[in-house]
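Mind having a look at this structure? Questions to follow.
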Amino acid sequence: MKIILTGATGYVGEGTLLELLKVDAVEKVLSVSRKSTGIKHEKLEEYLVSDFMQLKEGDEHFKGYDAVFFIAGITSVGTPKDVYVRISQEIPLHFADIMPDKERMTYIYLSGAGTSPDGKQFWQQVKSKTEAEIQTKGFKRTFGFRPAIMKWAKGQKHIQTMQYAFIVFYPLIRLIGQANNMKEIALSMLTLTRDGYHKFAIAPKDITQLAKNF
């Protein structure tokens with residue numbers, strides 16, 4: 001499989017990338033980001049762009065891929081609403097618009113546990129709207145990926161401070177089905193690309209099962 005990945009310099013994106021590169025079934029990963037990952041691997045190609053909104057339809061870099069794993073994002077904490085909408089909605093939707101060969105591609109949007117059109121928090125509504133619009137873009141398959149707690153991958157450098165606080169409780173959180181590791185994140189996305197799934201919103205328990213199915 002050939003995968004387009006955004007957000008590879010962030011926590012979830014870096015962990016996912018490291019795990020994808022270990023999988024024999026993954027032939028190539030194209031990392032699209034504003035800065036280099038610093039990772040050197042024969043399967044990895046980097047496409048550095050200063051502004052995602054300036055990317056155009058027909059860009060040769062995006063031809064011949066099986067899926068987009070759109071993981072780039074930002075926390076809503078302390079982020080102005082207009083900036084949050086641009087990063088969490090306008091950019092992923094624009095990225096979806098310019099993709100070629102949509103009829104054969106899977107588009108997975110990293111949303112988050114708690115995403116809901118009826119949510120009281122601003123981020124919940126924004127991501128819910130993004131999920132809804134992605135489903136109208138003409139892809140073979142689309143999924144709203146909604147993980148909760150995620151344990152970092154071996155060798156990962158970009159680890160959010162809050163993850164160190166959660167790690168103490170990781171075994172318990174995993175026991176109740178609300179935690180995954182980065183290997184499961186990567187493998188579940190590959191399973192979704194290869195096999196599809198019976199629902200759009202992918203929760204932590206789905207991630208665990210999908211990873212086992214790869």
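Since this is a predicted model, take the numbers as computed values, not measurements.
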Problem - Donor-acceptor under 3.5 Å (Lys127 side chain, Ser111 main chain) - result: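 Answer holds: yes.
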
Handout entry: Within-4.5 Å side-chain heavy-atom neighbours: Leu192 and Phe145
Key =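 Side chain of Leu192 against side chain of Phe145, heavy atoms only: contact under 4.5 Å found.
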
Exercise for the section: Quick one: do Trp152 and Tyr170 satisfy ring pair (Phe, Tyr, Trp, His ring centres under 6.0 Å)? Show the steps, please. Expected result: CA-CA 11 Å; Trp152 56 81; Tyr170 179 80; 8.7 Å; no

Problem - Any donor-acceptor pair under 3.5 Å from Tyr84 side chain to Val77 backbone - result: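 Checked: no pair found.
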
Problem - Cluster check Leu30, Leu110: I/L/V/M/F/W/Y, side chain < 4.5 angstrom - result: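 Looking at the clustering, Leu110 is in a separate group from Leu30.
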
Exercise for the section: Side-chain contact test, heavy atoms from C-beta onward, threshold under 4.5 Å: evaluate it for Ile108 versus Arg141 and give yes or no. Expected result: no

Handout entry: For the student: nearest non-hydrogen atoms of Ile185 and Ser188, plus distance
Key = O-OG, 2.9 Å

Exercise for the section: Any chance you could lay out the side-chain contact (heavy atoms from CB on, under 4.5 Å) test for Val68 and Met99, step after step, and finish with the verdict? Expected result: CA-CA 9 Å; Val68 171; Met99 286 295 109; 3.7 Å; yes

Problem - Heavy-atom side-chain contact between Leu93 and Lys137 under 4.5 Å - result: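 Contact flag for Leu93/Lys137 side chains = yes.
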
Practice task
For the residue pair Tyr107 and Phe95, establish whether any side-chain heavy-atom pair is separated by less than 4.5 Å.
Solution key: yes

Practice task
Indicate, with yes or no, if Ile71 and Phe143 share a hydrophobic cluster defined by side-chain heavy-atom contacts under 4.5 Å among Ile, Leu, Val, Met, Phe, Trp and Tyr.
Solution key: yes

Handout entry: Short side-chain to backbone donor-acceptor contact, Lys102 and Asp97, under 3.5 Å
Key =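 Here the side-chain-to-backbone pair exists.
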
Problem - Interatomic spacing from CD in Gln163 to CD1 in Ile159 - rounded to 0.5 Å - result: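 Atom-to-atom, Gln163:CD and Ile159:CD1 are 8.5 Å apart.
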
Exercise for the section: Taking atom NZ of Lys81 as the centre, report whether more than 12 heavy atoms of other residues, nucleotides or ligands fall under 6.0 Å from it. Expected result: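 Counting other residues, nucleotides and ligands, NZ of Lys81 stays at 12 neighbours or fewer.
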
Problem - Euclidean distance, Thr130 OG1 relative to Glu90 CD, rounded to 0.5 Å - result: 9.5 Å

Completion exercise
Smallest heavy-atom separation, Trp123 atom then Gly114 atom, equals CH2-C, 3.9 Å

Exercise for the section: Decide yes or no for Lys183 and Thr16: does some side-chain heavy atom of the first lie under 4.5 Å from some side-chain heavy atom of the second? Expected result: no

Handout entry: From OG1 (Thr191) to CG (Asn213), nearest 0.5 Å
Key =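 Taking OG1 in Thr191 and CG in Asn213, the distance rounds to 6.0 Å.
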
Exercise for the section: Would you check if there is a donor-acceptor pair between the side chains of Gln124 and Thr115 at a distance under 3.5 Å? Expected result: no

Problem - Pairwise side-chain contact, Phe214 with Val23, heavy-atom cut-off 4.5 Å (strictly under) - result: yes

Exercise for the section: List the atom of Tyr109, the atom of Ser88, and the distance in Å for their closest heavy-atom pair. Expected result: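 That would be OH-O, 2.7 Å.
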
Exercise for the section: Please lay out, stage by stage, how Ile3 and Leu190 fare under the test side-chain contact (heavy atoms from CB on, under 4.5 Å). Expected result: CA-CA 9 Å; Ile3 309 298; Leu190 292 173; 4.1 Å; yes

Exercise for the section: Flag yes if Tyr197 and Ile207 sit in one hydrophobic cluster, no otherwise; membership is Ile, Leu, Val, Met, Phe, Trp, Tyr, and two members link when side-chain heavy atoms are under 4.5 Å apart. Expected result: yes

Handout entry: Rounded distance (nearest 0.5 Å) linking atom CD1 of Ile4 with atom OG of Ser31
Key =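 Between atom CD1 of Ile4 and atom OG of Ser31 there are 11.0 Å.
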
Handout entry: Residues Glu46 and Ser33: side-chain donor-acceptor under 3.5 angstrom
Key =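 Looking only at side-chain atoms, Ser33 and Glu46 do not form any donor-acceptor pair under 3.5 Å.
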
Practice task
Evaluate side-chain contact (heavy atoms from CB on, under 4.5 Å) for Leu21 paired with Ile39, printing each intermediate quantity in order.
Solution key: CA-CA 10 Å; Leu21 294 175; Ile39 298 171; 4.2 Å; yes

Completion exercise
Taken to the nearest 0.5 Å, the spacing of Leu172 CG from Gln178 CD works out to 11.0 Å

Practice task
Output yes when Arg174 and Glu184 qualify as a salt bridge under the 4.0 Å nitrogen-oxygen rule, no when they do not.
Solution key: yes

Exercise for the section: For the residue pair Lys151 and Ile167, establish whether any side-chain heavy-atom pair is separated by less than 4.5 Å. Expected result: yes

Problem - Salt-bridge present (Glu45, Lys28; N to O < 4.0 Å) - result: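 Looking at Glu45 and Lys28, the cut-off is met.
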
Problem - Ion pair Arg104/Asp66, N-O distance below 4.0 Å - result: yes

Practice task
Using distance alone, with no hydrogens and no angle criterion, decide if Asn180 and Thr208 have a side-chain donor and acceptor under 3.5 Å apart.
Solution key: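 Indeed, the side chains of Asn180 and Thr208 share at least one donor-acceptor pair under 3.5 Å.
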
Practice task
Flag yes if Phe139 and Phe62 sit in one hydrophobic cluster, no otherwise; membership is Ile, Leu, Val, Met, Phe, Trp, Tyr, and two members link when side-chain heavy atoms are under 4.5 Å apart.
Solution key: yes

Practice task
Scan side-chain atoms only and decide if Tyr47 and Asp59 contain a donor-acceptor pair under the 3.5 Å cut-off.
Solution key: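 Yes.
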
Fill in the blank from the handout: Shortest non-hydrogen pair, Ala148 vs Pro204, comes out as N-CG, 3.8 Å

Problem - N/O donor-acceptor pair under 3.5 Å between Lys43 side chain and Val26 backbone - result: yes

Practice task
Examine Leu187 and Leu44 and state if one hydrophobic cluster contains both, with Ile, Leu, Val, Met, Phe, Trp and Tyr joined whenever side-chain heavy atoms are less than 4.5 Å apart.
Solution key: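 Yes, Leu187 and Leu44 fall within the same hydrophobic cluster.
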
Completion exercise
Of all heavy-atom pairs linking Ala67 and Thr193, the shortest is CB-OG1, 3.6 Å

Problem - Test: Asp51 and Arg34 ion pair at under 4.0 Å - result: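 Looking at Arg34 together with Asp51, the answer is no, because their closest N to O distance does not fall below 4.0 Å.
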
Problem - Side chain proximity check, Ile149 to Phe169, heavy atoms < 4.5 angstrom - result: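 When only atoms from C-beta onward are counted, Phe169 and Ile149 do not touch, as no gap falls below 4.5 Å.
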
Handout entry: Sidechain-backbone polar pair: Thr6 side chain, Val32 backbone, donor-acceptor under 3.5 Å
Key =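 The answer is no, because no donor-acceptor pair under 3.5 Å joins these two groups.
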
Practice task
Would you indicate whether Lys120, at its atom NZ, is surrounded by more than 12 heavy atoms from other residues, nucleotides or ligands within a distance under 6.0 Å?
Solution key: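 At most 12 heavy atoms, drawn from other residues, nucleotides or ligands, come within 6.0 Å of this atom.
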
Exercise for the section: Check the surroundings of atom CD in Glu103: do more than 12 heavy atoms from other residues, nucleotides or ligands lie under 6.0 Å from it? Expected result: yes

Problem - side-chain contact (heavy atoms from CB on, under 4.5 Å) evaluation trace for Arg86 with Ile91 - result: CA-CA 6 Å; Arg86 177 179 174 83; Ile91 290 177; 4.3 Å; yes

Exercise for the section: Spell out, as yes or no, whether a donor-acceptor pair under 3.5 Å connects the side chain of His94 to the backbone of Leu55. Expected result: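 Present.
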
Problem - Closest non-hydrogen atom pair, Gln156 against Met182 - result: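 Closest pair (atom of Gln156, atom of Met182, distance): OE1-CG, 4.0 Å.
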
Handout entry: Atom CZ of Phe166: over 12 foreign heavy atoms under 6.0 Å
Key = no

